[in-house]
Every structure is written in structure tokens, then in C-alpha cells.
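Predicted model, so just to flag it, every value in this text is computed and none were measured.
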Amino acid sequence: MNAPLYSFKEVELKWQNFWAHHKSYEVKEPGDSCYYVLEQFPYPSGRLHMGHVRVYTLGDTIARFQRGFGKTVLHPMGWDSFGLPAENAAIQHGVSPSKWTLENIQAMKKHFMSLGLSYDWSREIITSDVSYYEQEQKIFLDFYKKGLIYRKESWVNWDPEEKTVLANEQVINGRGWRSGVPVERRLLSQWFLKITKFSDALLENLKDLPDWPENVRTMQEKWIGRSQGARIFFSLKDPLDGMNRNLEVFSTRPETLFGASFLCIAPNHPIALKLAEKDEDLAAFIQECLRQDTSEATLQKAEKKGFKTALLGEHPFDKNWTLPIFIANFVVMDYGTGAVFGCPAHDDRDLDFARLYDLPILPVIEDPNGGVFCKDQDDEAYVGPGVLIHSEFLNGLDINEAQRVVIMRLEEIKKGYGEITYRLRDWGVSRQRYWGCPIPMIHCPVCGVVPVPQEALPVVLPENVSFDIPGNPLDHDASWKDVLCPQCDGKAERETDTLDTFFESSWYFLRFCSPRASIPFNRNDVQAFMPVDIYVGGVEHAVLHLLYSRFFTMALKECGYLDFEEPFKSLLTQGFVCHETYQDEKGAWLYPEEVKKSKDGTYVTLRDDLLVRVGRSEKMSKSHKNVVDPSVILKEYGADTARLFMLSDTPPERNLDWSESGIEGCWRYINRLWRLGSRALERIEIISRLNLKSETSLKTEEEAFLRLLNTTVQFVTKAYELYHFNTAVAQCRTFSNDFARFIEESQNAPLIREGLQTLLRLLSPIIPHLTSEIWSIMEGQDQVVDFLPWPKADPKYLEAPTISLSVQINGKLRGVLTLPNNASEETVKCEALKLPNVKQEFDKGATLKRVVFVQNRIMNLVVV
RNA sequence: GCCCGCUUGGUGGAAUGGUAGACACAACAGACUUAAAAUCUGUCGAUCUUACGGUCAUGCCAGUUCGAGUCUGGCAGCGGGCACCA
């Protein structure tokens, strides 16, 4: 074969069509051994970005690798197509969310195809399609029946101008993103999922997920936040009319109770609201607190503020000791009891607060390192371990023992009890939005909340709604909203809230197992495919999405849908794709294609040579314009080059820096492989024409090549198993370098052939088009390379006859020895002492004290 | 603010506690070419030295160890998440 230039356009299209035509990656039914590869499905924004290219290349490479082991690989793809952007597009451009979404899906699917991803498209899921959300409504009703769903009041960000609820990201510096009007907090009655019922199970099961990254497990553990503490009752000196005599406080540090100097309650605590009825100043203060957005970050970053009430709380262990009660902006009603006691000496936040309001600071724990807490303005609170002081019956106890004792005493005098609490809160799933799954509930003035009967499903989202009036279009659509009550046949209204889009993504991995079933999923299929063997996605989902999915699986088990608890066996979390940022002199952001490098190394604008400020590399984002459009790359270099670049340099977990020169390096390697393949086949033909006598024994260089070949197979296989794709590529490049020489020098045609076959097979998961093409030229027929067996390393060729061993003196390198494999300590020592640098040391009068020897690695001579 | 990470040449990165910088990118030099591109070959952490070779180097400061990029503690910088973006 001659070596015509590699034409990726033709070749890639040919193979993409071949796979589609032969339905190569469709899985009809689960085989004996299944392997489920799943990447987080995308929101169909309509544009492919580099982050997509990265995740989907990772997943595809894993899927293609696993096919080499004879497994039935389930590798599906779908669209997480409900969500805010469709609604924003509707408001801004007047397009119908459903039309906009479907067009985006079409556009993105085309891009996915051109990446050569080996998906089973027959299982495609669109979550905004009735066929999907109908099943979701069934699940909702089953959860409701099991008592896993309930209604309660909860705070939301309210934009008074747009008359709508805002997401936290839509609140910028306390103002609505579109209206610019300060947001308020409003209390709305909403649907909640009882995820807290599974707090312990969600925590405990983390131990059974060894293939999850440690950091993700830790994050979830902290998020669930199980803590042992105490509920403590502070009697109010002058209780309010009709309210409890006791103020209930939860604390994770009850042992510091004798260091308490004040009590704080949340601005929306019932006592605070009661007091505000008769106190305008307090009412104003509460209003001010409620003006912040609802995010925890805002809350905690805000300046600590309190409002002193006239109320006093009695210390549980001393009737004559009273503590002032404040209403404070940093106390959260949703956690614990919405009330805390402040111990300034041992909590930084309490210390700040005490200094602000000039409250006593009473140290009760002694730092074992002798530091005594003093009242200097710069001192921090002491939060470490230690022994109790100034604490009556707790004196001399360490903090753990003191906690046990204090809880015991509180229980004795009926002033409190030990309690375990969780940071995890129930999941609010109500959204006051149109583009989401309708909640199948009906509000009847007579019967109350009534579920939509099974046979009346699906509750279909109405098309042709109007976004002209501010607020939720479902609220204004009487023809949809007004219904008859299924119980009493009287006039009733549909629930107009829709579900959080996390709801769809919490079970889609189950739907993929039987995507066209008339029930949410077929039990046998799920049993066969689940759990997902490897789930690939961004770290940003480490807590919420993954925790919700785990909870859903448990809840579905409780409803009898399935009988396992954990949906994802292992997890691969990939980093971001980053790029430098560019700004002109006025600070306006510039796209990379608007910028060029000048001769002196600085960057200037392409248009008029103005100096450009280069910022550090950060996550590609539209707002900073540091984006590179993948479709341009695909057009210029092709899918294989893009895929190779995504995997070749950076390990999956790290952030990847996009670089133009990096992509060109990959493009050159692709062409080099093409020439290498052509030349190898050419050489095989030339050699066979020579009619050489077949040699019976291998030459030295052939043995060396076989060693390289087999160690490469071993190394690359291991690297794929560990998802270290960058080192797999590096090893293949090393092999290619030597192989190029071997092709020219060797007369062993079968060995050249074996070398080429191995190289192609090892790279085929990453660059499927090129490898398929060369393979088909070599084998004379079109095959799907993925399904060919993965090569096995022959142990006979894995051991090198000689090794190089480093010799150190006191841990410093002094020479390297080349010795037979497994040379004994005696041999090594004998040779080591002959090394000039070592000899010199002893000539200077050093005496040998100790010899550290690690076979085939090092000898360290310890001298004095 | 709280929780979780990351930090190694000019750049991306490699390295079961055992020869730091594999494999690349960029740069430089050379070969081929009328020339350029492409390709091929070589050099390529800093520093001292004509050389042999030495010294210093994995964000910073301590510690453990015969030996630390790797383990422990502290600090700094950067990134992710914080419950209504997905």
C-alpha cells in the first residue's frame, strides 16, 4: 500500500456510518457478563463545549476498552432537557421551550455523532418527553404512598418585580439578575422528599463504595454531617404568652455549657416572630435579615448582627445565672432547633459576636500545650482538645468524657438529653416554573391534597403557554389548571409547581436499562445491568446529584421496585477544561481567536495590534470568552485528534489546559501513526518477496522488541484499568518510536505484523477511526476493532536480563550499576565499592555503619 | 465563613517511600529543500566547572526515615461545592 495522506474527513465519516449502519453498539439484551458505562447526560444547550468532549471521550474510551474482554457493554446517552435555560429563551426570544429544546438536541446529537462515540442510540432518553416524565410521575405517587413525600413551608428568593422565585445563581449581590431589584425571602408551601429518613444508610453505605474517590466520599460524609450533641432547655425568665416555657437549644459542644454567655435564636424562630409583633425595631431587623438570599454562603459571609431582646434564659445548672437572648442573622432555623448558646472562648463565630456586643468570654477548656486563653483582641477561640476548667462537676475531665457526663446530668435534672442530629435537610423538589415535570397532585377545597389517580396519568405539560405575564405560566393557564377533584368531583386545581430537574437525573440510569417500558423500568433488566460499573462526570456533582441518586435508589427499593441500594459501583470525576483569558486595555474580554502572539512574545489583538492582557488559565466560560469551540477543532483536525488530546497529557481528575500547540502535537502523532502503519505493511510485503529462510531462533534485537511489546501491553492494560490514559498514551508513543526503527531494521515480517496489530489494538479505544481504518486495510475486511480480543502480555518477555541499580551514600546518589537481574546483596556491594565516587569516600576515611539493600532498586551505604 | 481538593522545568505532565523530570509541547541547532511547509536527527531544570564532575531544586516552614515529590503537622496561593444552574 502506498502512503497517501491521511484524510480524516473521509475515514472518520466512513466508520461513523459503518457503526451506525451495522448498529454495532446496540445492546439487545443483557448478556452473561454486563458492563455498564455511563457518563452524566448533558443539558441540551445546543452547543457542544470542551467539557462535553472531555467527559464523553473518557466514557467512550472506557466502553471501547471493556468490549475487548467479551463483555456486553451498555453505553447509553440521553438528554437532561428540563430546566431554566429553555424558559429564559422563551422569555427573551419568545420561542417555545419544547421546540427550542428539541432543536438543541438535534444540533448536539450531530456533534456527538461526529466525535465517534460508541453509544447505543436506540436507548436514547429525553427527560422532557412525556414518555419519560410520565414514569417519573408514577414514581412520585409511589413515594407519596410510602410517606416519603410531604408538604411544608419553606423560604424562597422572591423577585418582587418579576413576581417569580429566583434560583440562588439568579441573585447577584442581593438583587434579581434581570430586574436588578433587591430580592426578598418568602415563605411558600412546597413539596419535600424525606431524604433524611435515609441519613444513616447514606452515611453507612459509603464504607461499601471502595471504588469511589476518597474526596467524594468525604464530601458526602460531611454533607450528611452526623453529629452527637445535646438538646438543652433554657427556661425563660418571662415566657411569652402561649409559648413554651423552655427555649430548646441544640449544641454539638454541650460540655462547654459553663462557658456560655448568651443565647441566639434565628430571625424566623417562632419566639422572634412573636416578639416582632409588638416591636417595630425588631420587625425591621428581621426584615433586614430576610432580605438576604437563601444561600448558606451569603448567610455565613454576612457580617454578624444581633438584636438584643428583653428575654433572659436560665442556665440549666444555675437558677441564678441568666443569659441574654439575641436574635442573630447567622442562626439557621433549618438546622437543629434554630437556637444556640454562645460560648465565645471556644467558638470563633461566638467570639466575634461576644466582642461585638461586649459579652463575657469564659474559658472552660485548657489547652494542653499550656496556652491560656486571654482577652487580647487578636486571640482566636481555642477549639482543640483539652481538659475542662471552671466547670464545676466537669473540671478535670477531657472533652469527650465531659460531654458524656454533662448529657447524663442534663437528663437527670430533666433539662435536656443527648441527641444525634444531621446537617442533611429534606430535599425541596417544588419549583414555581413551567419547564419541568408536572407534580401529579390536585388541590381540592374540600378533600385537601389529592393525588392524581394512576389511570389519569400522565399529567401532560401544556404547549403554547404565554410568558407575557410575569410568573409561572401554569398558574395562568385555566384550561390546564382547573380540574375536577378525583375524590369528590368538585371544582379543584392542579398543583402548578413542577419538579426540580434533579428529580429526572436521579433515576435516568435505571430507565436506560429498559428505556421503552410502560413502567419506569423493567426489574429483570435493571437487575442484569445495574449497578453502573463506572460513572463519569464532573466533580461539581460530588454531593447533590450523586447523593440524590443514591437516595432515590434506596427509596425505590423501599417501594419494591428493586433490591439493591447503591446505583454506582465506581466513579470517575473529571476536572475542567481551562484556557487563558484575554482582555483589551479597557478590560473587555476577548475570544482566543481575536488574539495573536506578537514577535516579542506579548499578545496583541488580531484586528489592530493593541496590547492584550493575558490572565491565568481558568475554566472555559462564555462570560470570560475563554472558550474554544469544539466544532471548529473537529472540522480542522478531526475526532481522533480531539479525543487523543483530551486523554494524552492530563490525568482525568485534573483540570486540563487547552493549548493550540498541544492539539497540533496530537495531529502530528495521528499522521505519524498513519505513515507508520503504511510503512509497516510495505516492509512486510518487501520482506516476503525476499523469500528468506525462516530463522529458528530469535535475534537479540527481536528479543528486545518482544520485551518492549509485552511490557507495553502489560503497562497500557493496567493504565486503562486505572484510567491513567495519559500514561497509556505515553507508553504507546515510546513503543511507536522504537517500532519505527524496528520496521526498518528487522527482516521478521510476522513480528512487524504483530507489533502493528498490538499498537492499533492498544490505541483503538482512544482513536477508533484511524485504528479501524489501518486494521481493515491490513486484514482486508471491515471489522469492529473494539470487539476483537484485547492482547495479553506473555510473562516470558516481561523480565529484562539486566537491571540498573542506584548506589547511594547516606541517601545521596553516587553512581548507577548495570547488573544481572536479581543480583545478590554481596555482588552489588562488591561492585558498589568499586565505584569511583564511593571509593573516594572511603579513602577519605569514612567507615561503613549500615547497608540498606532493596533488590533491583537501590543500595544505600550509611557511613560516618 | 464552612466542607473537599490541587501546587513538580518555559508549558502539560511521569515517578509501588528507593536514579526527580518518562512521554509530549514550546524553544534552539543541524539534515533535506531554490525557498517555505512537512519530515528526520540532536540539545533542552538552575548553577559552578575547559572537562570529569559537583551543588541546589517537586509552593513555603518544620518533623518522621538510612532515604521524602510521595508520610505527619503548620502556613500560603489557586480551584470546586454550600441545598432553586445543571
Can you tell which of B/rA14, B/rC3, B/rC84 lies closest to the side chain of A/K222?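 Of the options given, the side chain of A/K222 lies nearest B/rC3.
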N-O pairing of [X] and [Y] below 4.0 Å:
X: A/R226; Y: A/E221; answer: no
X: A/R675; Y: A/E682; answer: no
X: A/D738; Y: A/R741; answer: yes
X: A/D426; Y: A/K194; answer: no
X: A/R423; Y: A/E296; answer: yes

When you compare [N] with [M], how far apart are their [atom1] atoms, in angstrom units rounded to a whole number?
N: B/rG9; M: B/rA62; atom1: C1'; answer: 26 Å
N: B/rA51; M: B/rU70; atom1: C1'; answer: 36 Å
N: B/rG13; M: B/rC25; atom1: C1'; answer: 10 Å
N: B/rU16; M: B/rC52; atom1: P; answer: 31 Å
N: B/rA14; M: B/rC23; atom1: C1'; answer: 8 Å
N: B/rG45; M: B/rA24; atom1: P; answer: 16 Å
N: B/rG73; M: B/rC6; atom1: P; answer: 14 Å

Would the base of [N] count as contacting [X] through its side chain, where contact means a donor and an acceptor less than 3.5 Å apart?
X: A/E221; N: B/rC3; value: no
X: A/E653; N: B/rC6; value: no
X: A/N215; N: B/rG5; value: no
X: A/R654; N: B/rC6; value: no
X: A/R857; N: B/rU16; value: yes

Once you round it to whole Å, what is the distance between [atom2] of [N] and [atom1] of [X]?
X: A/F192; N: B/rC84; atom1: CZ; atom2: C1'; result: 11 Å
X: A/L424; N: B/rC3; atom1: CG; atom2: C1'; result: 14 Å
X: A/E87; N: B/rA86; atom1: CD; atom2: P; result: 10 Å
X: A/K812; N: B/rA57; atom1: NZ; atom2: C1'; result: 11 Å
X: A/I663; N: B/rG12; atom1: CD1; atom2: C1'; result: 13 Å

Would you say a side-chain N or O of [X] is under 4.0 Å from OP1 or OP2 of [N]?
X: A/R431; N: B/rC84; value: yes
X: A/N737; N: B/rA24; value: yes
X: A/T650; N: B/rG12; value: no

Between A/D80 and A/S505, a side-chain donor and acceptor under 3.5 Å: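 No, because no side-chain N or O of A/D80 sits under 3.5 Å from a partner of the opposite role on A/S505.
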If you look at every strand shown and take non-hydrogen atoms under 4.0 Å, does A/S659 touch a base, only sugar-phosphate, or nothing?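 The residue A/S659 makes no contact with any strand.
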Derivation of the ring-ring contact (aromatic ring centres under 6.0 Å, His included) call for A/F82 and A/Y43: CA-CA 8 Å; A/F82 272 137; A/Y43 178 81; 9.9 Å; no
Between the protein and nucleotides 36-42 of chain B, are there any N/O to N/O pairs under 3.5 Å, and if so, what are the atom names and distances?
unit_1	atom_1	unit_2	atom_2	d
B/rC40	OP1	A/R672	NE	3.3

Assess the residue pair A/Q190 and A/Q432 against the criterion (side-chain hydrogen bond (donor to acceptor under 3.5 Å, both in side chains)); give the C-alpha distance rounded to whole Å, side-chain angles, the decisive distance to 0.1 Å, and a yes or no. CA-CA 10 Å; A/Q190 312 203 62; A/Q432 297 69 37; 3.1 Å; yes
Using the ring centroid of each side chain, check whether A/Y132 and A/W507 are separated by less than 6.0 Å.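 Ring centres of A/W507 and A/Y132 closer than 6.0 Å.
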Every protein N/O within reach of nucleotides 62-66 of chain B N/O, cut-off under 3.5 Å:
unit_1	atom_1	unit_2	atom_2	d
B/rC66	OP1	A/R850	NH1	3.4
B/rC66	O2'	A/N860	ND2	3.3
B/rC66	O2	A/N860	ND2	2.5

Hey, is B/rG9 sitting syn or anti, using the within-90° cutoff around 0?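 Classified syn.
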